[in-house]
Amino acid sequence: MKELDKRYNHKESEPRIYALWEKSGYFNPDKLPSRHKEPFCILIPPPNANDPLHIGHALFVTLEDIMTRYARMRGKKALWLPGMDHAGFETQVVYEKKLQKEGRSRLDMKREQFYKEVWNYTQKNRNTVREQLKTLGASCDWSREVFTLDDKVTKTVYKTFQDMYKEGLIYRGERLVNYCVKHQTAFSELEIEHQEKDDKLYYLKYGPLTVATVRPETIFGDTAVAVNPTDKRYKNYIGKKVEVDLIIEKRYMPVIADSIIDPEFGTGALKVTPAHDQNDYEIWQRHKDEIGGPISVINKNGRLNNKAGKYAGMKIEEAREIVVKDLKNKGLLEKEEAYKHTVALCYKCKNIIEPMLMKQWFVKIEPLAKPAIKAVRDEKIKIIPESQKKTYMHWMKNIKDWNISRQNWWGIEIPAWKCESCSNSDKEVWTITAGEEPKKCSQCSGSALERDPDVFDTWFSSGQWPFATLGWPNGKDFKTFYPTSILETGYDIIFFWVARMIMLGLWRTKKIPFRLVYLHGLVRDKDRQKMSKSKGNAIDPLGVVQEYGADALRMALIVGNSIGKDPTIAEDKIRGYRNFATKLWNVTRFLLMNLEDHDPKQKAILTDQDKKISKDFKKFKKKITRYMERCEYWHSAEALYHFMWTTFASEILESSKEILNGDNKKMRKSRQKLLLDIWIDALTVLHPFMPFITEELYQYLSSDKEPLMIRKWPIS
RNA sequence: GCGCGCUUAGCUCAGCUGGCUAGAGCGCCUCGUUUACACCGAGGAGGUCGGGGGUUCGAGUCCCUCAGCGCGCACCA
């Protein structure tokens with residue numbers, strides 16, 4: 001046996017070991033030995049193909065690799081299917097920033113050109129990300145890698161859209177949607193944030209009444225005044241019309257009664273602007289007979305439109321200031337007071353979200369949510385940590401129809417064509433296909449068709465990830481691996497992704513998409529701060545791997561990271577596990593130095609002490625296995641660390657030195673065997689956590705031709 | 001406003017259905033150039049388990065309550 005250096009050289013070893021695994025072919029479940037029968041499958045939460053991986057990715061990679069390697073060693077037909085996400089809006093934003101730096105703009109480009117450039121950009125990033133995943137030790141089956149714009153995905157997405165439309169689960173509707181003026185697209189309610197803001201509440205003279213508003217610039221879109229039906233002050237006005245001076249014109253406003261009005265707030269009278277306020281929109285819905293339709297006064301650039309008379313063309317904040325000034329001059333401003341309220345912001349640019357009246361595609365969500373609630377309630381799908389199950393339930397029970405239209409260029413285009421000849425302003429006639437361009441309108445057989453320029457919300461396609469990747473409905477993998485075993489991801493995307501996969505999976509396949517949802521926390525720095533590039537506290541996982549090795553990083557991410565809590569990581573923690581790797585290396589080195597007359601066929605003659613060591617180790621292996629079965633990886637990792645360093649190296653090995661140096665050959669040989677057996681098994685159970693060094697050491701210690709990665713888990 | 005979670009050694013955290021004389025890693029202190037390892041070894045200091053009350057033979061662990069911190073959801077003009 002070869003003499004080892006004093007230190008483990010991870011830089012040299014890790015790439016070599018990864019190559020050895022790839023050569024073995026065992027990342028591919030079809031190439032595993034035939035004893036691997038029971039299917040096991042994890043689908044990667046596809047990283048965005050617009051940026052290199054960050055430390056948060058390293059956490060999911062480690063967890064999922066542990067799960068996969070463990071399953072594989074337990075004799076399962078294990079598949080960890082890799083893929084990457086085109087990440088529609090996210091990528092468009094990243095690329096537009098890049099363009100901006102180059103002094104270019106999307107708006108100066110043809111859509112096709114922009115799409116092509118982003119395509120090339122994502123393909124380049126895919127290569128980077130793939131190499132990074134390999135560096136971290138991910139045992140993915142690269143022969144099955146999927147991109148969310150691959151044919152098999154887009155075709156599935158089109159088909160789902162078409163079938164849902166046929167079933168009436170998708171409809172086209174004009175709704176008040178969350179619109180970001182900067183990004184010029186609508187969002188679902190998940191992509192907006194709420195934040196407290198100091199504003200002013202303006203009391204406007206509104207004919208004979210006074211209304212309170214934070215948005216005086218929308219008065220041109222007012223269609224009514226609403227009061228509470230029980231409010232005595234306004235009793236005589238209800239049902240009548242009042243003449244209101246709107247600066248640019250005088251208009252008669254109906255006074256309506258609606259119980260949503262809080263008499264305590266402001267003056268107890270509300271100006272109703274259905275086109276620019278969610279609440280007002282709903283009031284209009286309830287009082288359509290009494291008041292006219294919504295009047296939009298803001299355009300898609302966030303400026304007032306020609307309904308606002310002389311204010312047309314002004315930006316919202318600017319218009320507000322001037323309108324207030326003019327109202328004041330006309331004596332229409334009664335008073336203003338400081339007011340703190342919550343506003344909706346774009347999650348990306350933090351600009352205020354404008355509620356806008358737009359025609360969009362919506363998913364009728366309730367029929368999908370019901371079975372999704374049931375599946376989790378009945379534990380067909382188990383969610384850990386348990387607390388997240390409550391979050392899921394709460395959201396699902398209050399879920400709203402899902403706007404899946406995005407006014408972006410980068411993404412999967414919606415396969416919907418509008419007939420120019422039979423559509424009019426009241427009625428749109430659409431032809432929906434499974435992707436192919438229709439020759440004629442489904443209604444009038446005319447050929448004047450125009451495709452909806454919008455693309456899908458990315459989550460509408462990633463929500464179909466489990467069955468799309470596996471080749472629904474007839475693919476071999478779909479039949480073998482669906483429903484998948486574990487869905488592992490961060491708790492921050494439980495609604496965006498997990499909930500949608502459950503709903504769409506159940507609807508499309510009539511089966512749950514996965515059995516267990518494991519939700520990890522968000523990586524923080526040692527002061528519990530979120531990591532971000534701008535704060536300068538971000539740890540680059542690949543830099544860390546260079547310095548300390550992937551194994552050290554993996555351990556540092558797992559130990560002390562109980563499920564669902566936000567883990568912290570700092571460099572000295574990673575250094576600690578690099579030291580652990582050195583320890584493992586030197587223990588092995590010591591064993592090899594004391595093995596010169598070791599005889600593998602030696603029958604062990606166990607002393608009482610040997611028996612105790614052996615028995616304790618059996619118990620230890622059982623404990624680790626129990627932790628693995630419960631997905632308590634932080635417990636396993638910590639216990640392994642303690643056993644291998646303290647118990648084995650400091651205690652067992654130290655107390656064996658006398659025997660190993662002694663004259664009793666039989667005892668010496670027997671102890672050699674005992675130590676070697678235990679150590680190999682310990683390396684085996686450590687393998688899912690620190691795959692590189694364990695594999696490397698196994699190659700020195702064992703005569704086995706097969707790599708450690710498929711060695712049987714050492715428990716009976 | 002509604003909901004969820006957290007508070008255990010200087011720091012980061014374990015501690016399942018109550019039995020702990022309360023643990024780990026890092027950090028700190030003392031000693032040690034012993035051929036596996038100084039990315040090491042030997043030893044050590046350090047906690048009234050956020051406050052108060054209750055249940056129990058027994059509570060870090062269960063219940064109530066107060067305080068502080070964090071997060072999620074939310075149409076108050």
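Values reported hereafter were calculated over all heavy atoms of this structure, with side chains retained and with hydrogens, waters and symmetry mates removed. Chain letters run A, B, ... following the sequence lines, proteins first, then strands; residues in each count from 1.
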A/H642 NE2 to B/G15 P, in whole Å, measures 17 Å

Can you check the distance between B/G1 and B/G58, where both ends of the measurement are the C1' atom (answer in whole Å)?
42 Å

Take atom P in B/G53 and the same atom in B/C16, then report the distance between them in whole Å.
24 Å

Gap between atoms NZ and P, on A/K573 and B/A14 respectively (whole Å):
10 Å

Rounded to the Å, how far apart are A/N661 CG and B/U34 C1'?
12 Å

Separation of the C1' atoms in B/C4 and B/G46, to the nearest angstrom
34 Å

Hey, are A/D231 and A/R233 close enough for a salt bridge, meaning a charged N less than 4.0 Å from a carboxylate O?
yes

With a 4.0 Å limit, can you tell me whether A/K390 has a side-chain N or O closer than that to the phosphate oxygens OP1/OP2 of B/G5?
yes

Nearest-nucleotide check on RNA chain B, A/H635 vs A/S387; residue mapping nearer the 5' end is A/S387

Rounding to an integer number of angstrom, what distance separates B/G60 and B/C2 when you compare their C1' atoms?
30 Å

Could you tell me how far apart A/L557 (CG) and B/C13 (C1') are, to the nearest whole angstrom?
15 Å

Under 4.0 Å protein heavy-atom contacts per nucleotide of nucleotides 37-43 of chain B, with B for base, S for backbone only and - for none
B-BSS--

Distance from A/L270 atom CG to A/I261 atom CD1, nearest 0.5 Å?
4.5 Å

Pull out every stem in RNA chain B, meaning runs of 3 or more consecutive Watson-Crick or G-U wobble pairs with both distances under 3.5 Å.
B:1-7 with B:67-73, B:10-13 with B:23-26, B:28-32 with B:40-44, B:50-54 with B:62-66

Do A/T582 and A/R7 have side-chain atoms, one donor and one acceptor, less than 3.5 Å apart?
no

Can you measure A/E638 atom CD to B/G15 atom P for me and round it to whole angstrom units?
10 Å

Any A/Y641 side-chain N or O less than 4.0 Å from OP1/OP2 of B/A14:
no

Quick one: A/L595 CG to B/A36 P, roughly how many Å, whole number?
14 Å

Can you confirm whether A/I298 sits close enough to A/M356 that some side-chain heavy atom of one is under 4.5 Å from a side-chain heavy atom of the other?
yes

Is the backbone of A/F692 close enough, under 3.5 Å, to the side chain of A/D551 for a donor and an acceptor to pair up by distance?
yes

NZ/NE/NH1/NH2 to OD/OE distance under 4.0 Å, A/E14 and A/K11:
no

Test: A/E191 and A/K348 ion pair at under 4.0 Å
no

Using only atom types and a distance under 3.5 Å, with no angle test, would you say the side chain of A/S188 pairs donor to acceptor with the backbone of A/L190?
yes

Let me see the working for A/W497 and A/T489 under side-chain hydrogen bond (donor to acceptor under 3.5 Å, both in side chains), right down to the final yes or no.
CA-CA 9 Å; A/W497 196 42; A/T489 193; over 6 Å; no

Taking atom P in both B/A22 and B/G47, compute the distance separating them and give it to the nearest angstrom.
12 Å

For every nucleotide of nucleotides 71-77 of chain B, 5' to 3': is a protein heavy atom under 4.0 Å from its base (B), only from its sugar-phosphate (S), or from neither (-)?
--SBBBB

Distance check needed: B/A14 C1' versus A/I624 CD1, whole Å only.
14 Å

Please test A/Y627 against A/Y633 for ring-ring contact (aromatic ring centres under 6.0 Å, His included), starting from the C-alpha separation and ending with a verdict.
CA-CA 7 Å; A/Y627 289 146; A/Y633 305 112; over 10 Å; no

Rounded P spacing from B/U34 to B/G19 in Å
46 Å

How far does the C1' atom of B/G27 sit from the matching atom of B/C11, given to the nearest Å?
7 Å

Starting at atom CG of A/L522, determine the distance to atom P of B/G5, rounded to an integer number of angstrom.
18 Å

Could you walk me through whether A/Y641 and A/F580 pass the ring-ring contact (aromatic ring centres under 6.0 Å, His included) check?
CA-CA 8 Å; A/Y641 179 90; A/F580 180 52; 4.7 Å; yes

Span that lies between the P atom of B/C62 and that of B/A14, in whole angstrom:
15 Å

A/E632 with A/K623: basic N within carboxylate O range, under 4.0 Å:
no

Ion pair A/E334/A/K205, N-O distance below 4.0 Å:
no

Ignoring backbone atoms, test whether A/S562 places a side-chain nitrogen or oxygen under 4.0 Å from the OP1 or OP2 oxygen of B/A14.
yes

